[in-house]
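Each remark here refers to the structure printed beneath this line.
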Amino acid sequence: IIYRQAVKLIHSSSHVLMVTQYCPTGVIAKALKDTDNLVYYNEPTTSDPLTNMLIHAGKITTSIQNLYKKKPYIHAKFLIATDENGHKTAITGSHNFISYGVTLGTRELALMTKDPTIIKSLETFYRSYIA
């Protein structure tokens, strides 16, 4: 459900900011390529071998540009989608925005919101720790 909602939100947006642990994959990656986006995820040299392999595989198969250049490992996961009228919607939670999790049946939790206070908090986190 979370993955499908994220895809739907990306398709209806003119701009997407995504911060995630892994390189986005599957339908989400395709949707991001059709939308103006800023995507930040860990480089495939920052964690244990299995995690590095997942990140590397996603990076190679999707060619999604990674804008994250800092050293601390990202565990935050959110996207902020802006529609053509400037209205913002965010999804945040434990979902990694990768198709592998969906395929394997992982159970995740997420919040989808238009609340400006929550969105500003995510944007502040992004500016302080990610960008």
Problem - Sidechain-backbone polar pair: Asn85 side chain, Asp83 backbone, donor-acceptor under 3.5 Å - result: no
Handout entry: Evaluation steps, side chain to side chain donor-acceptor pair (under 3.5 Å), between Glu108 and Ser94
Key = CA-CA 6 Å; Glu108 306 291 350; Ser94 61; 2.8 Å; yes
Practice task
May I ask you to check whether over 12 heavy atoms, not counting those of Tyr129, lie within 6.0 Å of atom OH?
Solution key: no
Practice task
Give a yes or no on this: more than 12 heavy atoms of other residues, nucleotides or ligands lie within 6.0 Å of atom NZ of Lys69.
Solution key: yes
Euclidean distance, [Y] [atom2] relative to [X] [atom1], rounded to 0.5 Å:
X      : Y      : atom1 : atom2 : answer
Thr89  : Leu9   : OG1   : CG    : 5.5 Å
Gln21  : Ile55  : CD    : CD1   : 6.5 Å
Leu111 : Ile118 : CG    : CD1   : 5.0 Å
Ile28  : Asn96  : CD1   : CG    : 10.0 Å
Lys30  : Lys33  : NZ    : NZ    : 9.0 Å

Practice task
Go through Lys88 and Thr82 one step at a time and tell me if the side chain to side chain donor-acceptor pair (under 3.5 Å) criterion holds.
Solution key: CA-CA 4 Å; Lys88 295 181 180 185; Thr82 307; 4.8 Å; no
Handout entry: Shared hydrophobic cluster, Ile2 / Ile80 (ILVMFWY, side-chain heavy atoms < 4.5 Å)
Key = no
Practice task
Decide whether Leu32 and Leu67 are clustered together by the hydrophobic rule: side chain heavy atoms of Ile, Leu, Val, Met, Phe, Trp, Tyr closer than 4.5 Å, transitively.
Solution key: no
Report yes if some heavy atom in the side chain of [X] is under 4.5 Å from a heavy atom in the side chain of [Y]; otherwise report no.
X     : Y     : result
Glu43 : Tyr68 : no
Ile60 : His56 : yes
Ser47 : Asn42 : no

Problem - Partners meeting ring pair (Phe, Tyr, Trp, His ring centres under 6.0 Å) with Tyr40 (sequence neighbours left out) - result: Tyr126
Problem - Verdict with reasoning, His75 to Lys77, per side chain to side chain contact (heavy atoms under 4.5 Å, CB included) - result: CA-CA 6 Å; His75 201 247; Lys77 301 154 185 110; 3.3 Å; yes
Handout entry: Check against side chain to side chain contact (heavy atoms under 4.5 Å, CB included), Tyr41 and Met18
Key = CA-CA 8 Å; Tyr41 58 89; Met18 180 180 282; over 6 Å; no
Exercise for the section: Take the angle between the ring planes of Phe78 and Phe125 and call it parallel below 30°, perpendicular above 60°, tilted in between. Expected result: perpendicular
